[in-house]
Student: 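Can you read through this structure? Questions will come right after.
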Protein chains: 2
Amino acid sequence: MRAVKPKRLDDSPLAEKREQILQGAIQVFLNHGYAGTSMDRVAAAAGVSKQTIYSHFQDKEGLFTALVERVTIHRLQRELGMQDLHGEPEELLYQLATVFLHKLSNPEYLNLFRVLIAESARFPELAQLYSRTVIHRGRQMLSAYFRAHPELKITDPEAAAHIFSGSLVSFLLAQEILYGKQVSPLEGERVIKQLVALIVQRSDSS
Amino acid sequence: MRAVKPKRLDDSPLAEKREQILQGAIQVFLNHGYAGTSMDRVAAAAGVSKQTIYSHFQDKEGLFTALVERVTIHRLQRELGMQDLHGEPEELLYQLATVFLHKLSNPEYLNLFRVLIAESARFPELAQLYSRTVIHRGRQMLSAYFRAHPELKITDPEAAAHIFSGSLVSFLLAQEILYGKQVSPLEGERVIKQLVALIVQRSDSS
DNA sequence: AACTCATCATACTGGACAGTCTAGTTTGAT
DNA sequence: ATCAAACTAGACTGTCCAGTATGATGAGTT
């Protein structure tokens, strides 16, 4: 029984099929990109007939859009709704960077990132969705922390927040996505330590 | 006969055609991506018949590869063979970051970057070419400068070099490519100032 | 003049694929 | 048991496009 009638959107059989399709679509789109993905392949990966996809989503663009929204929102809740950033700066920043780098190393996340960049010209709304939800919020949280710690003597918390997360994102971009790992290896650990040092050690002066 | 009159590869009529094709290809590939580019369109943009393209390049992949090599090498020579990084740290780093950010803001450069990332899975050699020539060398130059300035007290010059350039690259990525500009504006100037402050002000201590 | 080579314009071939259609099957509520 | 909605399998259409083929033009060489 289903609570008399008001079927919840998130466990009705319809929503289950929709989710099943999205799961298949995630596999294919994130591994082969938008152009490299055929609807037949999505259907096969989702274990669903092609017609069913078209009864749940308007077309390929609609499916892709829904997919990115789905993954982005999911990530947001899981990864940013975690801690509220308190603690001794050196230790906290180190932990934060480590967790951040580790989570973003997940292939599915890297693939989402690559596809978002690849299709940012064709789907600017999706790129903006990502900017608004993930990047902007992350920056806000981190800059709030910097503001709450005047002993760090950070004059521009937003800019500093960008530098912090941007260094880590571009690290993954260079090392993983552009295969820099095989050209000039650089340990993530080293970047994190240097980054924390740049931010924390300035408070030694004065 | 061909060695009798040693036509220079770079100004013979053949090479001119090749260059003409590449110029057309740059326009189309960098603006529409690999999949979004048809050979007919390249031919039209280059003002050349399709057959001519196929007599200069093996196929679409070959043309794309040649294009990326061409642009990457060109860029490298123009943008990295510039200064040798000497001068007072605060002023020099500020200037360097400003020039760097300004040059990378060029749409053609951003498009190359986007396409490289988009196709990094399909063309890993090209991504590595970029890593090897541009990223790696840039990092080497900058870390050499840090090493030559012990008063900056940088314990890990390579990591610091990555943080410096990575912050700026990810800034463009977030603000321009992912349209963050329209979501949460952040002046490049602010990032540069904060970045320089993080690196330089530490030398006040001790 | 005869030959060669690069080029051009255009037509063609074959394959991939988005999206539709048809016809038959399952499921679940009443 | 009946009915409608959701689903499946697979054929089909129209389009796009990489790559090839054809046949003609023009320039330089011998």
Side-chain angles (χ1 to χ4, degrees), chain A residues 1-25 27-29 31-67 115 118-119 122-123, chain B residues 1-25 27-29 31-67 115 118-119 122-123:
Chain A
M1 294 305 111
R2 188 169 305 287
V4 185
K5 277 186 187 178
K7 337 181 161 189
R8 296 239 193 72
L9 277 176
D10 43 1
D11 64 351
S12 73
L14 259 83
E16 274 170 32
K17 263 292 179 241
R18 186 186 157 94
E19 180 60 23
Q20 182 183 342
I21 295 169
L22 284 175
Q23 285 305 324
Q27 295 308 315
V28 188
F29 274 100
N31 279 305
H32 301 92
Y34 184 83
T37 293
S38 77
M39 296 298 269
D40 284 288
R41 215 159 161 189
V42 172
V48 131
S49 96
K50 196 158 63 151
Q51 200 49 242
T52 303
I53 298 180
Y54 281 98
S55 74
H56 282 264
F57 302 93
Q58 221 211 332
D59 52 16
K60 193 180 177 184
E61 290 198 5
L63 174 59
F64 181 65
T65 300
L67 178 168
V115 172
E119 302 301 331
R122 197 206 296 246
F123 299 96
Chain B
M1 299 305 109
R2 185 165 309 284
V4 177
K5 293 171 188 168
K7 338 183 164 187
R8 296 237 195 73
L9 275 177
D10 43 4
D11 64 353
S12 73
L14 260 82
E16 275 170 31
K17 262 296 179 238
R18 186 187 157 94
E19 180 60 22
Q20 182 183 343
I21 295 169
L22 283 175
Q23 284 306 322
Q27 293 309 313
V28 187
F29 274 102
N31 279 303
H32 302 92
Y34 185 83
T37 293
S38 77
M39 297 298 268
D40 285 288
R41 215 160 161 187
V42 172
V48 133
S49 98
K50 195 158 66 150
Q51 201 50 242
T52 303
I53 297 180
Y54 281 99
S55 75
H56 282 263
F57 303 92
Q58 222 212 332
D59 52 15
K60 192 180 178 184
E61 290 197 5
L63 174 59
F64 181 65
T65 300
L67 178 167
V115 172
E119 302 301 331
R122 196 205 298 246
F123 298 96

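Computed from a prediction, not measured in an experiment: that's the story for all the values here. Order of the sequence lines fixes the chain letters, A, B, ..., with proteins taken first and strands second; residue numbering starts at 1 for each chain. We use all heavy atoms of the structure for the numbers below, so side chains are in, but hydrogens, waters and symmetry mates are not.
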Student: By nearest heavy atom, map A:Lys60 and B:Gln20 onto DNA chain C; which one lands nearer the 5' end?
Tutor: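 It is B:Gln20 whose nearest nucleotide is closer to the 5' end.
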Student: In this structure, how many angstroms lie between the C1' atom of C:dG28 and the CD atom of A:Glu16, rounded?
Tutor: 14 Å
Student: Return the minimal non-hydrogen interatomic distance between A:Ala118 and B:Ala118, and the atom names on each side.
Tutor: CB-CB, 3.3 Å
Student: Tell me: NZ of A:Lys17 to P of D:dA6, nearest whole Å?
Tutor: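 Atom-to-atom, A:Lys17 to D:dA6, this comes out as 13 Å.
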Student: Considering non-hydrogen atoms only, spot the tightest contact between A:Val115 and A:Phe29 and give its length.
Tutor: CG2-O, 3.8 Å
Student: Can you tell me how far C1' of C:dC12 sits from CE of B:Met39, to the nearest Å?
Tutor: 17 Å
Student: Would you say B:Ser55 reaches C:dT7's phosphate, i.e. side-chain N/O to OP1/OP2 under 4.0 Å?
Tutor: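 Yes, such a contact exists.
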Student: Counting just side-chain N and O atoms, does B:Thr52 come under 4.0 Å of either OP1 or OP2 of C:dC8?
Tutor: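 For C:dC8, OP1/OP2 do have a side-chain N/O of B:Thr52 under 4.0 Å.
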Student: Counting only distance, no hydrogens or angles, is the base of C:dG19 paired donor-acceptor with the side chain of A:Lys50 under 3.5 Å?
Tutor: yes
Student: Provide, to the nearest angstrom, the distance between the CZ atom belonging to A:Arg41 and the P atom belonging to C:dC17.
Tutor: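 After rounding, the gap between these two atoms is 8 Å.
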Student: Check this one for me: any side-chain N or O of A:His56 less than 4.0 Å away from OP1 or OP2 of D:dC7?
Tutor: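 For D:dC7, OP1/OP2 do have a side-chain N/O of A:His56 under 4.0 Å.
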Student: Using the rule given for side chain to side chain contact (heavy atoms under 4.5 Å, CB included), can you reason through A:Met39 versus A:Leu63, listing the C-alpha separation, both sets of side-chain angles and the distance that settles it, and then say yes or no?
Tutor: CA-CA 10 Å; A:Met39 296 298 269; A:Leu63 174 59; 4.1 Å; yes
Student: Would you indicate what A:Ser38 reaches in the nucleic acid, counting non-hydrogen atoms under 4.0 angstrom: base, sugar-phosphate, or nothing?
Tutor: sugar-phosphate
Student: Find the distance B:Asp40:CG to C:dC8:C1' and express it as a whole number of Å.
Tutor: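 After rounding, the reported distance stands at 14 Å.
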Student: So do A:Phe64 and A:Thr37 actually touch side chain to side chain, heavy atoms under 4.5 Å?
Tutor: no
Student: Find the distance B:Leu63:CG to D:dG19:P and express it as a whole number of Å.
Tutor: 10 Å
Student: Using a heavy-atom cut-off of under 4.0 Å over every strand shown, decide if B:Gly47 touches base, sugar-phosphate, or nothing.
Tutor: sugar-phosphate
Student: Figure out the OH/P separation between A:Tyr54 and D:dA9, and round it to whole Å.
Tutor: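 After rounding, the gap between these two atoms is 17 Å.
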Student: If you measure only the distance, is there a donor-acceptor pair under 3.5 Å linking the side chains of B:Glu19 and B:Gln23?
Tutor: yes
Student: Whole-Å distance between D:dC17 C1' and B:Phe29 CZ?
Tutor: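 Rounded to the whole Å, the gap is 13 Å.
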